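What follows is a short report on a single structure.
What you see is a predicted model, and the numbers here were worked out from it, not measured in a lab.
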Amino acid sequence: MAGIVRWGVALGLGALWWWAVLRLALAPDAGAVEGAIAAGGWGLSLLPVHCVPKSRAAGALATGRWVQAWRAAGVTTASPHPRSDAGSDPS
């Protein structure tokens, strides 16, 4: 039942969007309501609806993988910068 309702809502909103777009294109008296519906529908199409959390993504790398590899190589400790007066003993 939920699938039928979902399809009905999607088709209804799609028909409303197409009505607004065609009215904007063809009717000389189209106004702000049609423009808002058309712009809103277009904006919704930009949402990344196929994204999933990284923990559920197939083939996703574990969090911190690069940090662990970097630390294992021993390259995370930087040598301190020499001070400007270091090594210049006047005595």
Side-chain angles (χ1 to χ4, degrees):
M1 180 68 174
I4 295 171
V5 172
R6 197 175 332 180
W7 273 100
V9 169
L11 287 174
L13 291 175
L16 179 68
W17 183 81
W18 274 110
W19 168 82
V21 169
L22 291 174
R23 186 155 162 77
L24 278 173
L26 302 174
D29 61 339
V33 173
E34 290 89 352
I37 292 171
W42 178 78
L44 285 175
S45 71
L46 300 177
L47 290 175
V49 295
H50 298 291
C51 293
V52 295
K54 190 175 183 178
S55 61
R56 290 182 32 206
L61 299 176
T63 303
R65 179 180 176 266
W66 289 106
V67 173
Q68 291 171 357
W70 192 260
R71 287 186 180 148
V75 292
T76 58
T77 57
S79 59
H81 294 293
R83 295 179 52 136
S84 61
D85 62 345
S88 60
D89 188 18
S91 57

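In the hydrophobic clustering of ILVMFWY residues, with side-chain heavy atoms under 4.5 Å counting as a link, V33 and L22 come out apart.
Listed by first and then second residue, the salt bridge (charged side-chain N to carboxylate O under 4.0 Å, His left out) pairs involving residues 16-31 are R23-D29, R23-E34 (not counting sequence neighbours).
Contact record, A20 with A38: CB-N, 4.1 Å, taken as the closest heavy-atom pair. Residue W42 comes nearest to W17 through the heavy atom pair N-NE1, 3.6 Å, listed as atom of the first residue, atom of the second, then distance.
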Inset, instruction - List the steps and the verdict of side chain to side chain contact (heavy atoms under 4.5 Å, CB included) for W19 and I37. - result: CA-CA 9 Å; W19 168 82; I37 292 171; 4.3 Å; yes
